A.B. asks: 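Structure below; questions to follow.
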Amino acid sequence: MSSHAECRFDTTSAAGEAGLIAVDEHTSIGCWVRGISAQDVEIIVLDTSVVPDVFMLTSSPLEAVAVCRTLWRTDEVIGARYR
């Protein structure tokens with residue numbers, strides 16, 4: 001996985017916006033969109049280990065459902081890039 005430095009976010013535009021991650025076709029988990037940019041997103045979830053490397057994200061700051069690829073993760077934060 002890549003480092004945090006690879007992602008650039010505007011943390012004011014989507015700070016604290018609720019989102020939903022589709023883990024598979026039957027399971028979704030809630031998240032917080034902490035940072036967003038034209039190509040990257042940073043999200044907070046309770047347990048990042050349940051989020052696959054490629055997932056779908058919905059949130060009100062996003063114009064449509066975004067397919068995302070995980071760039072890095074900690075226990076509670078994921079940095080991802082739109083595909």
Side-chain angles (χ1 to χ4, degrees):
M1 301 246 168
S2 303
S3 70
H4 293 58
E6 188 175 333
C7 302
R8 302 280 184 245
F9 303 106
D10 176 3
T11 55
T12 60
S13 67
E17 290 287 336
L20 196 61
I21 296 170
V23 176
D24 60 36
E25 60 273 359
H26 302 289
T27 308
S28 296
I29 59 171
C31 65
W32 290 106
V33 177
R34 182 164 79 177
I36 197 166
S37 75
Q39 63 184 6
D40 300 321
V41 64
E42 187 175 76
I43 56 175
I44 300 171
V45 295
L46 291 177
D47 180 7
T48 62
S49 69
V50 299
V51 179
D53 288 338
V54 176
F55 58 90
M56 294 191 330
L57 174 67
T58 57
S59 182
S60 61
L62 302 173
E63 294 179 14
V65 173
V67 177
C68 302
R69 179 180 50 87
T70 301
L71 296 174
W72 56 265
R73 67 176 77 210
T74 65
D75 290 341
E76 295 179 343
V77 181
I78 292 176
R81 178 152 295 153
Y82 308 121
R83 293 183 79 187

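For clarity, every value in this text was computed on a predicted model and none was experimentally measured.
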A.B. asks: With rounding to the nearest 0.5 angstrom, report the CD to CE distance, Glu25 to Met56.
C.D. replies: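 These two atoms lie 9.5 Å from each other.
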A.B. asks: Are Ile36 and Leu62 packed together at the side-chain level, in the sense that at least one heavy-atom pair is separated by less than 4.5 angstrom?
C.D. replies: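 In contact.
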A.B. asks: Can you tell me if Arg73 uses its side chain to pair, donor with acceptor, with the backbone of Val51 under 3.5 Å?
C.D. replies: yes
A.B. asks: For a 4.5 angstrom cut-off between non-hydrogen side-chain atoms, does Ile78 reach Cys31?
C.D. replies: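 Not touching, per the 4.5 Å side-chain cut-off.
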A.B. asks: Is there a side-chain contact between Phe55 and Ile43, using heavy atoms and a 4.5 Å cut-off?
C.D. replies: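 SC-SC contact between Phe55 and Ile43 confirmed.
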A.B. asks: What is the minimum heavy-atom distance between Glu76 and Thr48, and which atoms define it?
C.D. replies: C-CG2, 3.6 Å
A.B. asks: Closest approach of Ser60 and Glu17, non-hydrogen atoms and distance?
C.D. replies: OG-OE1, 2.8 Å
A.B. asks: Take atom CG of Asp75 as the centre, draw a 6.0 Å sphere, and report whether it contains more than 12 heavy atoms from other residues, nucleotides or ligands.
C.D. replies: no
A.B. asks: With no hydrogens and no angle check, is any side-chain donor or acceptor of Thr70 less than 3.5 Å from a backbone partner on Ala80?
C.D. replies: no
A.B. asks: Determine the minimum heavy-atom distance between Ala22 and Ser28, stating which atoms define it.
C.D. replies: CA-OG, 3.9 Å
A.B. asks: State plainly whether one hydrophobic cluster holds both Leu57 and Leu20, where clusters connect Ile, Leu, Val, Met, Phe, Trp and Tyr through side-chain heavy atoms under 4.5 angstrom apart.
C.D. replies: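 No; tracing contacts between hydrophobic side chains, which count when under 4.5 Å, never links both residues.
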A.B. asks: State plainly whether one hydrophobic cluster holds both Val50 and Val41, where clusters connect Ile, Leu, Val, Met, Phe, Trp and Tyr through side-chain heavy atoms under 4.5 angstrom apart.
C.D. replies: yes
A.B. asks: Quick one: closest heavy-atom pair of Tyr82 and Asp40, and the distance?
C.D. replies: OH-O, 3.4 Å
A.B. asks: Rounded to the nearest 0.5 Å, what's the gap from CZ on Arg69 to CZ on Arg81? Could you check?
C.D. replies: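 Rounded to the nearest 0.5 Å, the CZ-CZ separation comes out at 6.5 Å.
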A.B. asks: Do Val54 and Val65 sit in one hydrophobic cluster, given that two such residues count as connected whenever their side-chain heavy atoms are within less than 4.5 Å of each other, even indirectly?
C.D. replies: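 Hydrophobic grouping puts Val54 with Val65.
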